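FYI, side chains are in, hydrogens and waters are out, and symmetry mates aren't considered; it's all heavy atoms of this structure. None of these values were measured; they are calculated from a predicted model. Order of appearance sets the numbers: ligands from 1, and atoms from 1 within every ligand.
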Amino acid sequence: MRKRIEELILEAGRKARAETSDEPEPQYTGDVEFPIECKVGRGLEGAVASTTKVGYVNGARGWLVYRGHNIFDLAAYSTYEETAYVLLFGALPTKSQLDEFKQELKSKRGVPAPVMEVLRQISPKTHPMSALRTAVSMLGNLDPNADDTSVEAETKVAIQLIAMFPTLTGAVARLRWNKEPLQPNPELDHAANLLYLITGDAPDELKERVLDIALILHADHGMNASTFTTMVVNSSLSDMYGSVTAGVASLKGPLHGGANERVLYDLEEIGEPENVDAWFAKADATKRKVMGFGHRVYKAYDPRARILGPLAGLLVEHHPHEAKLYKIATRLETVVCGKMAEKKIFPNVDFYAGLVYRAVGIETAMMTPIFAVSRVAGWTARALEYLGDNRIYRPRAIYTGPIHLDYRPMGSRG
Ligand SMILES: CC(C)(COP(=O)(O)OP(=O)(O)OC[C@H]1O[C@@H](n2cnc3c(N)ncnc32)[C@H](O)[C@@H]1OP(=O)(O)O)[C@@H](O)C(=O)NCCC(=O)NCCS
């Protein structure tokens with residue numbers, strides 16, 4: 001099974017290289033000195049917020065690189081724990097470094113009881129990302145060293161948060177259904193433990209490996225909204241818990257991480273593969289955005305979707321309960337890509353991620369927290385990198401209102 005998965009990923013990588021090798025390199029790579037000139041569009045499009053060695057997205061070629069390693073290699077050969085290590089510490093670990101890091105993560109999975117108490121107070125109708133946000137914030141209140149903003153102290157918090165996110169997510173997932181949260185299982189690695197904490201069952205080899213790969217693929221992605229949010233908060237020398245709390249809040253939105261669950265709602269709304277064409281025609285006519293398509297940076301096929309698509313297919317071969325939704329998804333991809341080729345609209349990471357999560361047994365409402373379980377590595381790696389040479393973020397807005405208005409006394413305002 002591992003070999004088959006590896007081959008699917010390497011094949012996706014070969015396809016990516018073959019289809020995009022003629023595309024030009026983007027403007028900025030390698031060393032730069034500030035100030036630099038760049039053209040800034042709405043939503044800070046084109047703005048450069050920092051230099052980084054953590055990760056690189058080449059939107060024209062559809063490349064994603066963590067610390068120099070391309071995502072196809074990491075997905076084929078690495079694990080989430082190793083990937084988190086690479087992001088945080090800059091290079092692949094030796095065997096003993098990885099063993100030690102995995103052990104450290106395992107030892108830090110337990111969440112303090114007051115956080116669980118807070119989670120129990122939250123209504124099951126609350127969005128799981130809002131519950132997760134509150135839990136991370138509460139963790140900060142319980143750490144007497146939370147205000148130590150040295151790189152060393154914040155690195156410890158980063159590792160602790162990476163270790164605890166599955167436990168928090170599992171508790172949120174179970175409390176929604178009035179089920180008792182489970183204790184982390186030290187026998188299981190990160191992805192398998194996450195699934196166990198949600199479902200109560202240790203996953204089979206296929207589910208574990210595919211979820212592990214999904215976590216690798218979501219771990220870092222340039223200066224996306226939640227990463228930038230985390231970095232902005234951290235740049236004021238606030239504290240890592242607050243910064244990550246803000247990252248969770250940012251990731252929740254449907255234009256960002258929240259798109260993965262919206263994809264599933266769209267696929268369910270379509271209902272049958274034969275409804276896809278008519279559904280899309282209506283969406284197009286009413287300018288409704290199709291969730292899971294389009295990207296600010298990628299103008300080529302998102303490499304993460306290239307990997308998750310075939311893996312979703314493999315999962316439904318073995319766990320066919322989501323086979324119909326998968327069929328709808330593949331038809332929708334064909335229709336959207338055909339009709340929107342000129343705008344370079346392709347599936348993004350969220351398009352097949354939701355199907356993968358559903359096929360491994362995770363309900364739709366929990367999909368964005370799964371994204372957060374992974375992305376916390378990228379958030380903290382970049383916040384720590386920036387903290388090493390920190391300067392508070394402070395862009396400007398162009399004022400477009402009046403300036404010299406008279407202050408009219410209340411009595412004369414009508
Ligand atoms: C990701 C996203 C927010 C990027 O936004 P952006 O960089 O501001 O791009 P825009 O919204 O300006 O889109 C550019 C053009 O492509 C179209 N477009 C982009 N994404 C589209 C989508 N998912 N469905 C239909 N049309 C889309 C826009 O309508 C716009 O067309 P126009 O130039 O005729 O007005 C946007 O593509 C989107 O909303 N996608 C759906 C949500 C999603 O999947 N988010 C997860 C991202 S990983």
Could you pull out every N or O of ligand 1 that sits under 3.5 Å from a protein N or O, with the distance for each pair?
unit_1   : atom_1 : unit_2 : atom_2 : d
ligand 1 : 7 (O)  : R296   : NE     : 2.7
ligand 1 : 8 (O)  : R296   : NH2    : 3.2
ligand 1 : 11 (O) : K289   : NZ     : 2.6
ligand 1 : 23 (N) : V290   : O      : 2.7
ligand 1 : 23 (N) : F293   : O      : 2.8
ligand 1 : 24 (N) : V290   : N      : 2.9
ligand 1 : 31 (O) : K343   : NZ     : 3.2
ligand 1 : 34 (O) : K343   : NZ     : 2.8
ligand 1 : 39 (O) : K289   : NZ     : 3.4
ligand 1 : 40 (N) : F293   : O      : 3.0
ligand 1 : 44 (O) : G292   : N      : 2.9
ligand 1 : 44 (O) : N348   : ND2    : 2.9
ligand 1 : 45 (N) : L255   : O      : 3.4

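- R133 pairs by the side chain to side chain donor-acceptor pair (under 3.5 Å) definition with nothing, not counting sequence neighbours.
- T79 and E82 are not linked by any side-chain donor-acceptor pair at a separation below 3.5 angstrom, with hydrogens and angles left out of the test.
- If you check the side chains of S243 and W379, you find no donor sitting under 3.5 Å from an acceptor.
- Counted by atom type alone, Y241 and D143 present one or more donor-acceptor pairs between their side chains at under 3.5 Å.
- Within the structure, salt bridge (charged side-chain N to carboxylate O under 4.0 Å, His left out) pairs that include any residue of residues 152-163 do not occur (at least two apart or interchain).
- Applying the side chain to side chain donor-acceptor pair (under 3.5 Å) rule to K299 yields no partners; only residues at least two apart in sequence or on another chain are considered.
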